[in-house]
Amino acid sequence: MKRIVIFAGTTEGRTLSEGLAARGIAHTVCVATDYGQLMMTEDPLVTVHSGRLDEGEMEDFLREQADRVYDATHPFALVVTENLREACRKTGKEYIRVLREEESGADLVAGADLRYFPDAEACAAALGETTGNILLTTGSKELHVFTKEGSLTGRLYARVLPSIESIGLANEAGLTGKHVIAMHGPFTLEMNRALIRQYDARVLVTKETGVSGGYPEKIRACAETGTKAFVIGRPREERGISVAEALRDFGAEANCEGTAGTEITGVPDAEGSTAEPQRMEIALIGIGPGSRDLLTGEAAQAIAAADILCGAKRMLAGYEEKTCYPCYLAKDVLPVLLRERPARAAVLFSGDSGFFSGAKKMRTGLAAGLEEAGLTAEIRILPGISSLSYLAARTGTDYSDARLLSLHGRAGDAGALGELLRELKRAGKVFTLLSGRADIDALCQSLRAAGLADTRMTLGYNLSYPDERIFTVDVATGLATDQLPDGSYVALLETGVPRKRVLFPLLADEEFERSRVPMTKEAIRHLSLARLKLTENAVLYDVGSGTGSIAVQAAALDETIRVYAIEKKEEAADLIGMNSRKHRTPNLKVIRGEAPEALAELETPTHVFIGGSSGNLKEILACIREKNPSARVVINAVSLETIAEINGLLSAWEREDLVYDLTVEQVQVARSRALGNYHLMMAENPVLIASFTMQVSENS
């Protein structure tokens, strides 16, 4: 048996190593760092060599340790690849380049603002023409390219591996503290999106690393957040093989004698022809609500023909004549398929395979795993009757005008609940999946808090089974969860006539309880909110909230906005709570205390309105900058002293490049008032409105 050495440090290297170990083939894996060694799966068949090798050391190592070398290093590690290729040539070792899949996945992203660059230097030069924060996701080795001129450093936030070496390189490049994000991937779309918003990135810099490098998730996050994507193009390699081809090579190891020092571009079998991988037929089947009577004819035939069945235990009940495996995740189903090698297999999913089903993830996971193992499969997805269509039929309901959502396992998710409430207000009819009694109780509470207590809730329990039951719930009076059997439910929520959403809800001054507490007046309030530029999922501080008019109206804009009304006076804090309940804004929380001390334990703000500072304006702004150096801020002022303080602060910040998108305007509103038979215009106090977005100075 040949001595196999893999130069790794990538997903491809780890996957190849795991595939060889699964086939009982001992081998050595070379990684550059201790962190790379930690990422390898421990196995008695795998010897890991950690540490960088220069050209001479590489040649000595290959002479002693290797017959065949797989180069699975990063596509951008051009120097390492060239050194390794040359070392194999000099030592007469067989060299095979393992390529990353060419498809980047960017072609799947609509609306992305992409710019491509040949190298880091060209990208850094182009960044000098941009404004705003920059999220670097290109690793640690080339950070010095982006910081060497110094003009970009204050705007750069670099995501690097959580290793001593990577953090050290970032520090050497001049990036420290919060400018270094030490994390290990792979990074999901949600994580990329969250980091862009957390650091208010206007540009994301990435290498074109392909699907396994998380490139599509970065580009999708940019498209969804309106962030520019600066892409360092990937070097094109034409000679080499995939991980799957490398693993297929070991089906005929004794007869596969490659030529030393060459890139293998095909994998012959013992007779010299291309080996045909074993083929499977896999059906991912939506079985409907549960009763076998509701299976489609196609699904029933696929189950009958299957050699093995996989799925949750309750779905496998009644198929004792079959070989069954109680698993329903790709990571658990794949080992079964690799071990059993069935000609036909079926994986069962409840309901319809296209309605909040795991079928899509299963298809992707199985296809990738089987390909890496050198197997091919025809994977079909078969639809079933969804629980919502079944409940609609049982209740005589038309669901063509309904919104379809799922709270299954998400009832504690404020975002999921907010989406449901928003869609229910807009459409008047929502079907949703629930996990159990606790979900029902939480949903009822949310509906009441949102002013939707008149919602008609119809619940379907164990639909299609002998103990099927359909309940109608009185949301207004609440529901004791012990009155219902526990288990999965389908819910139909109806409010009657849909409510057309007001695009900019304007609340009149008369709609607020006020007493003697100061209040931001209607016209000033609307202009201030416009200047705040609130977005979905914003976190707003209303400092010196008074009656809460700004806080309440902001919370009413969208259920996903979280508002904290900070007020030190007890009478005013009580009024804020009263106004919040009156206008049904459960996403508003009253914080009793004085800023900046009262802000310390609150979540990081994206937006801040300051209507009253009690002389602490400078300290409040310093606290905000510390919590989020990219926060959007609007300040109202009426006294000359406060106006002078604002002018001094903003003038200094402009000189230091600490703010942008700055607008300062003074507004005076006059309202008509009846005096006898006449109407006179009565002027209110002039109000200064200062709005700006904080930023980290390029000179800091």
Side-chain angles (χ1 to χ4, degrees), residues 4-29 31 36 39-43 45-46 48 68-75 96-105 185-186 209-217 237 240-253 256 258 263-269 274-282 284 308 310 327 329-343 345 347 358 360-379:
I4 305 298
V5 174
I6 302 171
F7 279 76
T10 60
T11 300
E12 289 76 18
R14 291 192 295 273
T15 303
L16 179 56
S17 173
E18 291 168 1
L20 293 181
R23 288 161 172 74
I25 299 171
H27 58 283
T28 300
V29 176
V31 294
M39 292 298 101
M40 295 299 302
T41 302
E42 290 189 12
D43 192 288
L45 295 172
V46 181
V48 180
R68 176 183 292 177
V69 176
Y70 287 94
D71 177 5
T73 57
H74 199 280
I96 303 171
R97 177 61 170 149
V98 179
L99 298 180
R100 178 165 290 183
E101 293 294 333
E102 280 292 330
E103 182 181 355
S104 68
T209 53
V211 175
S212 62
Y215 179 64
E217 288 76 12
E237 299 178 89
I241 63 176
S242 68
V243 172
E245 289 172 320
L247 290 173
R248 281 203 294 271
D249 187 19
F250 291 89
E253 171 61 29
C256 185
E263 273 105 336
I264 295 177
T265 57
V267 184
D269 64 9
T274 301
E276 179 65 28
Q278 181 178 339
R279 188 175 185 83
M280 296 183 193
E281 293 181 9
I282 303 172
L284 310 182
I308 65 171
C310 297
C327 53
L329 299 176
K331 68 180 183 65
D332 300 319
V333 173
L334 183 60
V336 173
L337 298 177
L338 294 177
R339 183 176 65 250
E340 300 297 328
R341 303 293 177 95
V347 185
K360 181 180 178 181
K361 282 187 176 180
M362 179 67 71
R363 181 177 188 173
T364 302
L366 292 185
L370 292 171
E371 181 183 1
E372 289 178 2
L375 302 173
T376 58
E378 178 189 358
I379 303 177

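Note that the numbering runs from 1 along the sequence shown for the chain. Here the structure is a predicted model, which means the values were calculated and not measured. Only heavy atoms go into these numbers, but all of them, side chains included; no hydrogens, no water, no symmetry mates.
Scored by the side-chain contact (heavy atoms from CB on, under 4.5 Å) test, Leu338 finds Leu334, Leu370, Ala373, Leu375 as partners (sequence neighbours excluded). With sequence neighbours excluded, the residues forming a side-chain contact (heavy atoms from CB on, under 4.5 Å) with Glu281 are Arg344, Glu378, listed by chain and number.
Taking CG from Leu247 and OH from Tyr70, the interatomic distance works out to 8.0 Å, rounded to the nearest 0.5 Å. We find the NZ-CG distance between Lys361 and Leu329 to be 9.0 Å, quoted to the nearest 0.5 Å. Here NZ of Lys360 is found 14.5 Å from CE of Met362. Values are rounded to the nearest 0.5 Å. Atoms CZ and NE2, on Arg68 and His27 in that order, are 13.0 Å from each other to the nearest 0.5 Å. Summarising the geometry, atom SG belonging to Cys310 is positioned 6.0 Å from atom CG belonging to Leu337; distances are rounded to the nearest 0.5 Å.
Here the closest heavy-atom approach between residue Val347 and residue Val333 is recorded as CG2-CG1, 4.2 Å. Pairing each heavy atom of Met280 with each of Arg341, the nearest pair is CE-CA, 3.8 Å. Of all heavy-atom pairs between Leu366 and Ala330, the closest is CD2-O, 4.2 Å. Here the closest non-hydrogen pair linking Ile379 and Ala367 is CD1-N, 3.9 Å. The nearest pair of heavy atoms linking Val46 to Ala21 is CG2-CB, 4.3 Å.
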Verdict with reasoning, Ile6 to Val98, per side-chain contact (heavy atoms from CB on, under 4.5 Å)
CA-CA 10 Å; Ile6 302 171; Val98 179; over 6 Å; no
Checking Leu45 against Leu20 for the side-chain contact (heavy atoms from CB on, under 4.5 Å) test, could you report, in this order, the C-alpha distance in whole Å, the side-chain angles of both residues, the deciding distance, and whether it holds?
CA-CA 9 Å; Leu45 295 172; Leu20 293 181; over 6 Å; no
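Considering only heavy atoms from C-beta on, Ile241 stays 4.5 Å or farther from Arg97 through its side chain.
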